[in-house]
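The structure appears below as structure tokens.
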Amino acid sequence: MKKIRVTVYLEPGVYANLRAYAASRRQPLSVMAEAAVAAFVDPEQREAVMVRKLGAIERQLDRMKRDANISIEAFMVYVWLWLGANPPLPEQAAVAARASATERYDQFMETLGQRLAAGDLALEQALSEAILTRQSIS
């Protein structure tokens, strides 16, 4: 079957990418352009791309669920150990402790709100510090 000649206009950046991709595959530009157009207009190709993207999203959600479960478990273990290490206070001290706890909790919530608003996440800081520490040890 004879192919039909088509003239298209591409942005310089798109053309440069197409040329680089064709060169890396050692294929003519026309073959790469035809494959790209075919993949774009073929419903089966679009469905395959969608399935791959949905699979990637599903894997990301699974990782997020796992990470959330780890965080919840770690927090629960911390609270359990903290409660075991700190006996209940006598009634007189408990009143003062509640007042102090309320004030400290309010400070905690304010600091948390500021950090979240600024996008300053402690987990990211801890991971970057761990990476830097590991690199300096190596």
Side-chain angles (χ1 to χ4, degrees):
M1 181 169 150
K2 184 176 179 181
K3 294 186 178 186
I4 300 170
R5 181 183 176 112
V6 176
T7 303
V8 297
Y9 295 94
L10 301 174
E11 293 288 329
V14 173
Y15 178 72
N17 289 341
L18 179 62
R19 263 183 66 178
Y21 187 71
S24 72
R25 302 283 184 182
R26 294 189 175 117
Q27 294 289 325
L29 282 173
S30 61
V31 170
M32 295 286 91
E34 181 182 6
V37 170
F40 187 76
V41 298
D42 183 12
E44 289 180 14
Q45 289 283 346
R46 285 193 308 244
E47 184 177 324
V49 169
M50 185 67 72
V51 167
R52 281 195 306 273
K53 288 181 180 181
L54 288 173
I57 290 170
E58 182 179 18
R59 288 186 297 279
Q60 285 178 328
L61 287 173
D62 287 343
R63 281 191 301 271
M64 290 172 61
K65 181 180 176 183
R66 183 203 68 206
D67 292 348
N69 286 337
I70 290 170
S71 297
I72 290 167
E73 286 295 320
F75 181 70
M76 289 175 62
V77 168
Y78 169 78
V79 169
W80 181 73
L81 291 172
W82 185 84
L83 289 172
N86 295 300
L89 297 172
E91 187 58 38
Q92 286 180 326
V95 173
R98 271 190 226 101
S100 174
T102 300
E103 182 181 323
R104 291 189 344 243
Y105 179 77
D106 290 342
Q107 290 172 346
F108 166 77
M109 291 304 290
E110 183 178 332
T111 302
L112 178 63
Q114 290 170 353
R115 290 180 65 93
L116 290 175
D120 193 15
L121 302 179
L123 179 60
E124 290 175 0
Q125 286 180 339
L127 289 174
S128 64
E129 288 172 9
I131 291 169
L132 292 175
T133 301
R134 177 180 268 175
Q135 288 174 348
S136 67
I137 292 173
S138 301

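As a basis for the values below, the full set of heavy atoms in this structure was taken, side chains included, without hydrogen atoms, waters or symmetry mates. Residue numbers count from 1 along this sequence.
Under the 4.5 Å side-chain heavy-atom criterion for Ile, Leu, Val, Met, Phe, Trp and Tyr, F75 and L83 are members of the same hydrophobic cluster. Residues I72 and M64 do not share a hydrophobic cluster, clusters being chains of Ile/Leu/Val/Met/Phe/Trp/Tyr side chains in contact below 4.5 Å. One hydrophobic cluster holds both V31 and V8 under the rule that ILVMFWY side chains link at heavy-atom gaps under 4.5 Å. Under the 4.5 Å side-chain heavy-atom criterion for Ile, Leu, Val, Met, Phe, Trp and Tyr, V6 and M32 are members of the same hydrophobic cluster. One hydrophobic cluster holds both L10 and L29 under the rule that ILVMFWY side chains link at heavy-atom gaps under 4.5 Å.
In terms of the side chain to side chain contact (heavy atoms under 4.5 Å, CB included) criterion, residue partners of R59 (sequence neighbours excluded) are, by chain and number, A56, R63.
Other residues, nucleotides and ligands place no more than 12 heavy atoms under 6.0 Å from the CZ atom of R19. Around the CZ atom of R25, the shell of radius 6.0 Å holds no more than 12 heavy atoms that belong to other residues, nucleotides or ligands.
N86 contributes a side-chain N or O that, together with a main-chain N or O of W82, makes up a donor-acceptor pair within less than 3.5 Å.
Atom CG of D106 is separated from atom CE of M109 by 9.0 Å, given to the nearest 0.5 angstrom.
For A97 against L89, the heavy-atom pair with the smallest separation is CB-CD1, 3.4 Å.
Screening residues 1-10 for side chain to side chain donor-acceptor pair (under 3.5 Å), with sequence neighbours left out, gives K3-E34.
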